[in-house]
Amino acid sequence: MVLDKDIIPVKPEKVDELVKLWELSVRTTHFFLSESDIVALRPLVKEGIKQLENVYCICDEWDKAVAFMGIEGNKLEMLFVHPQCRARGVGKKMINQALSLGVRYVDVNEQNPQAVGFYEHLGFRCFRRSELDGQGNPFPILHLKLKK
């Protein structure tokens, strides 16, 4: 069972695998993105993974990543879970690890209500909203902070 697996630092050779996992996850949750949006984001995600301070994943028994997260300072920059592992505690396990590493902030697409609800359920609250995403696209971003 995946929840029995450790969260481990990502090795450079796993980056392409994580990009594929990102795409699977996004196609399941980010219905507001077009095919051309996903294609345009793919190289940015790959570069983002490479540049993040800390990237962690959970792998299945065949050493395939089923979830990963990227952390920069006290901010969760990305968290993606394989569609077959959603709603099974994997994301919560990743968040608990992130919190133990000092994460207190996360940005989330407003048009991804499942993610918004997930973070709110775990104690994050919106403190600011941006009309555009980081690439200047009209995909509103909610900036969340952990409330204790």
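The residues of the chain are indexed from 1 along the displayed sequence. These numbers were taken from a predicted model, which means no experiment stands behind them.
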Review point. Are Ile58 and Leu24 joined in one hydrophobic group, where the rule is that I, L, V, M, F, W and Y side chains link up if heavy atoms are under 4.5 Å apart?
Key: no
Point to revise | Distance, nearest 0.5 Å, that separates CG of Asp37 from CZ of Arg42 | key: 12.0 Å
Review point. Under the side chain to side chain contact (heavy atoms under 4.5 Å, CB included) criterion, do Cys57 and Ile8 qualify, and how do the steps go?
Key: CA-CA 5 Å; Cys57 70; Ile8 58 171; 4.0 Å; yes
Exercise for review: Please determine, by modelled atom types, if His82 and Ser25 share a side-chain donor-acceptor pair under 3.5 angstrom.
Suggested key: no
Practice item. Give a yes or no on this: more than 12 heavy atoms of other residues, nucleotides or ligands lie within 6.0 Å of atom CD of Glu47. Key: yes
Point to revise | hydrophobic_cluster_shared for Val116 and Phe118, side chain cutoff 4.5 Å | key: yes
Check your understanding: Which atoms form the tightest heavy-atom contact between Gln111 and Pro138, and what is the distance?
Key -> OE1-O, 4.2 Å
Practice item. Flag yes if Tyr105 and Leu146 sit in one hydrophobic cluster, no otherwise; membership is Ile, Leu, Val, Met, Phe, Trp, Tyr, and two members link when side-chain heavy atoms are under 4.5 Å apart. Key: no
Point to revise | Candidate list Ile71, Ile95, Asn74, test side chain to side chain contact (heavy atoms under 4.5 Å, CB included), partner Val103, passing option | key: Ile71
**Study point:** Residues Glu23 and Lys46 bridged, charged N to O under 4.0 Å
**Key:** no
Revision key, fill the gap. So CD of Gln51 and CD of Glu72: to nearest 0.5 Å the spacing works out to 9.0 Å
Review point. Is Val19 isolated, or which residues cluster with it under the ILVMFWY side-chain rule of less than 4.5 Å, directly or via members?
Key: Val10, Val15, Leu18, Leu21, Trp22, Val26, Phe32, Leu33, Ile38, Leu41, Leu44, Val45, Ile49, Leu52, Val55, Phe68, Met78, Phe80, Phe139
Exercise for review: Salt-bridge test for Asp63 and Lys14: reply yes if a basic N is under 4.0 Å from a carboxylate O, no otherwise.
Suggested key: yes
Check your understanding: Under a 4.5 Å cut-off applied to non-hydrogen side-chain atoms, are Leu144 and Arg125 in contact?
Key -> no
Revision key, fill the gap. CZ of Phe124 to NZ of Lys147, rounded to nearest 0.5 Å, is 11.5 Å
**Study point:** Cluster link Leu79 to Leu122, ILVMFWY, side chain under 4.5 Å
**Key:** yes
**Study point:** Residue pairs, two or more places apart or on separate chains, that pass salt bridge (charged side-chain N to carboxylate O under 4.0 Å, His left out) and touch residues 110-122
**Key:** Glu110-Arg129
Point to revise | Contact check, side chains of His143 and Cys126, non-hydrogen atoms, under 4.5 Å | key: no
Check your understanding: Does Ala65 offer a backbone N or O that forms a donor-acceptor pair with the side chain of Glu17 under 3.5 Å?
Key -> yes
Practice item. Would you give the length of the straight line joining atom CD of Glu77 to atom CD of Glu53, rounded to the nearest 0.5 angstrom? Key: 10.0 Å
Practice item. Start with the C-alpha gap between Arg104 and Leu99, add the side-chain angles, then the distance that decides, and say whether side chain to side chain contact (heavy atoms under 4.5 Å, CB included) holds. Key: CA-CA 7 Å; Arg104 296 296 177 262; Leu99 296 178; 3.9 Å; yes
Study note, to complete from the structure: dist Asp6:CG -> Gln97:CD (nearest 0.5 Å) comes out at 9.0 Å
Exercise for review: Locate the shortest heavy-atom distance separating Thr28 from Phe31; write the atom from each residue and the value.
Suggested key: O-CZ, 2.9 Å
Check your understanding: Does the side chain of Thr29 come within less than 4.5 Å of Gln114's, by heavy atoms?
Key -> yes
**Study point:** Distance in Å, Asp133 CG paired with Asn109 CG, rounded so as to fall on 0.5 Å steps
**Key:** 7.0 Å
